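Since we're looking at a predicted model, the values are computed, not measured. Numbers here are sequence positions counted from 1.
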Amino acid sequence: QVQLVESGGGLVQAGGSLRLSCKASTRAFEYYAVAWFRQTPGKERQFVATISWGDVRIQYADSVKGRFTVSKDSAKKMVYLQMDRLKPEDTAIYYCAAGLRGSGSEFDSDYEYWGQGTQVTVSS
């Protein structure tokens with residue numbers, strides 16, 4: 001069983017930056033693919049970014065490419081999402097997810113473990 005705890009959300013003005021963190025409670029975190037998803041009320045969960053297990057593959061949603069950066073520190077069991085040039089449409093609850101030996105998928109069904117989420121609000 002893997003527990004994931006997100007932090008770092010908050011309120012920021014458009015154009016600003018936030019850094020989300022996700023702490024995992026598992027050994028051998030390097031064997032897990034990790035991802036960030038986001039969700040707004042009434043909408044389906046949306047893929048944001050992912051790193052495959054072994055850190056071989058990194059992928060971003062087109063809507064955040066060039067503005068967001070995902071990174072992973074397996075030794076510290078941490079995943080980060082650096083979000084720059086934020087836009088009001090980035091407002092959502094952001095979730096960290098992990099999947100054992102995952103290839104870095106954009107589909108939420110490929111991840112077994114999920115955090116509780118952290119709210120990000122971008123004001124215009």
Testing Val12, Leu11, Thr118, Asp84 for side chain to side chain contact (heavy atoms under 4.5 Å, CB included) with Leu18, which one passes?
->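 So the option named by the test is Val12.
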When hydrophobic residues are tied together by side-chain contacts of less than 4.5 Å, even through go-betweens, does Leu4 share a cluster with Tyr31?
->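 Yes, it is one cluster - the side chains of Leu4 and Tyr31 are joined through contacts under 4.5 Å.
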Linking I/L/V/M/F/W/Y whenever any side-chain heavy atoms sit under 4.5 Å apart, do Tyr94 and Tyr113 land together?
->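 Yes, it is one cluster - the side chains of Tyr94 and Tyr113 are joined through contacts under 4.5 Å.
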If you compare all heavy atoms of [X] against all heavy atoms of [Y], which two are closest, and at what distance to 0.1 Å?
X: Asp110; Y: Ser105; answer: OD2-OG, 2.5 Å
X: Gly9; Y: Leu20; answer: N-CD2, 3.6 Å
X: Ala14; Y: Ser124; answer: CB-CA, 4.4 Å

Cluster partners of Tyr95, using ILVMFWY side-chain heavy atoms under 4.5 angstrom, listed by chain and number?
->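 Its cluster mates, by chain and number, are Phe37, Phe47, Ile93, Tyr111, Trp114.
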Which pairs with one or both residues in [range] pass disulfide bond (SG atoms under 2.5 Å apart), sequence neighbours excluded?
range: residues 39-80; result: none
range: residues 23-95; result: none
range: residues 12-115; result: Cys22-Cys96
range: residues 30-62; result: none

Going by salt bridge (Lys or Arg N to Asp or Glu O under 4.0 Å), name the pairs with one or both residues in [range], residues two or more places apart or in two chains.
range: residues 8-37; answer: none
range: residues 72-83; answer: Asp55-Lys72
range: residues 32-45; answer: Arg38-Asp90, Arg45-Asp108

Residues that [X] engages under side-chain contact (heavy atoms from CB on, under 4.5 Å), provided they are two or more places apart:
X: Val70; answer: Trp36, Ala49, Ile51, Ile58, Tyr60, Val79, Leu81
X: Arg85; answer: Arg67
X: Ser25; answer: Gln3
X: Ser103; answer: none

Step-by-step side-chain contact (heavy atoms from CB on, under 4.5 Å) determination, Glu106 to Thr50 = CA-CA 7 Å; Glu106 62 185 84; Thr50 183; over 6 Å; no
Looking at CD of Glu6 and CD of Gln119, how far apart are the two atoms once the value is rounded to the nearest 0.5 Å?
->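 Rounded to the nearest 0.5 Å, the CD-CD separation comes to 12.0 Å.
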Distance (rounded to the nearest 0.5 Å) between Met83 CE and Ser17 OG =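 It comes to 8.5 Å.
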Using atom types as modelled and distance alone, determine if a side-chain donor or acceptor of Thr40 lies under 3.5 Å from a backbone N or O of Ala92.
->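 No; judged by distance alone, with no hydrogens or angles, the pair does not exist.
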is_close_aromatic(Trp53, Tyr32), centroid dist under 6.0 Å |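 Between Trp53 and Tyr32, the centre distance exceeds or equals 6.0 Å.
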